[in-house]
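Let me begin by presenting the structure, written as structure tokens, before commenting on it.
Naming: A, B, ... by sequence-line order, numbering from 1 per chain. Computed over heavy atoms, backbone and side chain alike; hydrogens, waters and symmetry mates excluded.
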There are 2 protein chains.
Amino acid sequence: MTENHLLSNNLYQDWLIASGTMTTAKYFADLAAERPDIALCRASASVSRAADAHAGVTGLGVGQHLVLKMLAAVGPCSQQALSEELRIDRSVMVGVCDDLENHDLVRRERNPRDRRSYAVTITDTGRQRLAEAEQTIPGFLDQVFHVLSAQERDQLTTLLGKVLTNRRIAG
Amino acid sequence: MTENHLLSNNLYQDWLIASGTMTTAKYFADLAAERPDIALCRASASVSRAADAHAGVTGLGVGQHLVLKMLAAVGPCSQQALSEELRIDRSVMVGVCDDLENHDLVRRERNPRDRRSYAVTITDTGRQRLAEAEQTIPGFLDQVFHVLSAQERDQLTTLLGKVLTNRRIAG
DNA sequence: AGAAAACAATCTGGAAACAGACGATTGACC
DNA sequence: GGTCAATCGTCTGTTTCCAGATTGTTTTCT
């Protein structure tokens, strides 16, 4: 007991030193340098929160924006195609399309050649809403990536593109 | 009605074309190039899944591993310090430390100088378990980032470090 | 000393993501 | 033609994450 008590005191002394700003303040930077996977996830969490906040302002969720954008770019799609291409889970895509349809931004019609699937089509209102939202994107990206130069942003895009095509971790 | 029917047929023709591999297959790549924020989040999701799968093998969760690692590096810490430094929410940290304590990998003792906080201390078993887990990290990183050269990994680390220190999106 | 603010850990409730099962429909195979 | 596997959209249960309230403790201010 006595030994434990002394030991505890020593530990607490060490702990007080360790919890000072000197030792731990830079720990995360070191960790990020050693573990790029962790750095990637933490950066994503920050960016994701910023994107959600921005989406709250425009009134279009991130997923909804992406769906409208893809529909405008490639024409009517099945929910399956939207899911796979945008990396949004099928069951989540149901709710995304529900919301869009409730606001008359997309239309859902059964494909007569394969009545299992829908053809999801963007409406005129949807195009207009998308155009408005698109205008806010450059400002948002500047806010999120203003710490990077244009060249560095291209570098990041290239590197992320390579990681995304990694078949050994593709989901 | 007839007009609608014809219109629908046209839409479905477009849709059939659009769902062919040609038009949509590269859509996500284009999107990722245009929206680095989305690319970052999607890459993080892939990496995170891979990390969880790897954690399932070692038997140590990602958060648990990080906590042990930090405790080994800087000595006993409060849960608050662990939370802030590792960017893990306080309420989540409770469960992480609970699990670690139940497996005798850490010890929780009240700090006698401030009984609000714990001193979380790594045990010998914890050090051993950490050492085992650390050995598997290089292989894991190779699996996740094998598409990147060593130079590119350094680039990515640097860029992510800058994004992480962006005070305008820090959470 | 006593009141009030700040803080550490915990608990609780709601929102989002994901896996798995399901009904309806289609295509493949014999 | 009939059976079986595969596919599309949907639903359900689980898990995780986070915001906010709560309790016990400390510090600060008067």
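Side-chain atoms of Arg49(A) lie closest to dC18(D) of the nucleotides dC18(D), dT26(D), dC8(D). In the set dC18(D), dA8(C), dC8(D), dC18(D) carries the atom at the smallest distance from any side-chain atom of Val92(B). Checked against dT10(D), dT25(C), dT10(C), the side chain of Gln79(B) finds its nearest nucleotide in dT10(C). Comparing dA9(C), dA6(C), dT10(D) by their nearest atom to the side chain of Val94(A) picks out dT10(D). The side chain of Ser91(B) lies closest to dG20(D) when the candidates are dT25(C), dT10(D), dG20(D).
Regarding contacts with the backbone of dC11(C), every side-chain N or O of Arg90(B) stays at 4.0 angstrom or more from both OP1 and OP2. Of the side-chain N and O atoms in Gln80(A), one or more sit less than 4.0 angstrom from OP1 or OP2 of dC8(D).
What separates CG of Asp89(A) from P of dT15(D) is a distance of 17 Å, to the nearest Å. In this structure, Arg110(A) atom CZ and dT10(D) atom C1' are separated by 10 Å, rounded to whole Å. When the C1' atom of dA8(C) is taken as reference, atom CZ of Arg113(B) falls 17 Å away, rounded to whole Å. The separation between Asn111(B) atom CG and dA8(C) atom P is 12 Å, rounded to whole Å. One atom, CG of Asp114(A), and another, P of dA24(C), lie 16 Å apart when rounded to the nearest Å. In this structure, the OH atom of Tyr118(B) is 14 Å from the P atom of dT26(D), given to the nearest Å. Atom pair Asp52(A):CG and dA16(C):P shows a separation of 9 Å (rounding to whole Å applied). Between Arg87(B) atom CZ and dC17(D) atom P there is a gap of 17 Å when expressed in whole angstrom units.
In terms of polar N and O atoms assigned as donor or acceptor, the side chain of Arg115(B) never comes within less than 3.5 Å of the base of dT25(D) in a complementary pairing.
Among residues at least two apart or in separate chains, ring-ring contact (aromatic ring centres under 6.0 Å, His included) pairs with a member in residues 32-67 of chain B are His54(B)-Phe140(B).
Heavy atoms from other residues, nucleotides or ligands lying under 6.0 Å from CG of Asp142(A) number more than 12.
Looking at residues two or more places apart in sequence or on another chain, you find a side-chain contact (heavy atoms from CB on, under 4.5 Å) between Arg90(A) and Gln80(A), Ser83(A).
Arg107(A) and Glu101(A) are not joined by a salt bridge, as no carboxylate oxygen comes within less than 4.0 angstrom of a charged side-chain nitrogen. Taking a cutoff of 4.0 Å between a charged side-chain nitrogen and a carboxylate oxygen, Glu134(A) and Arg127(A) do not qualify as a salt bridge.
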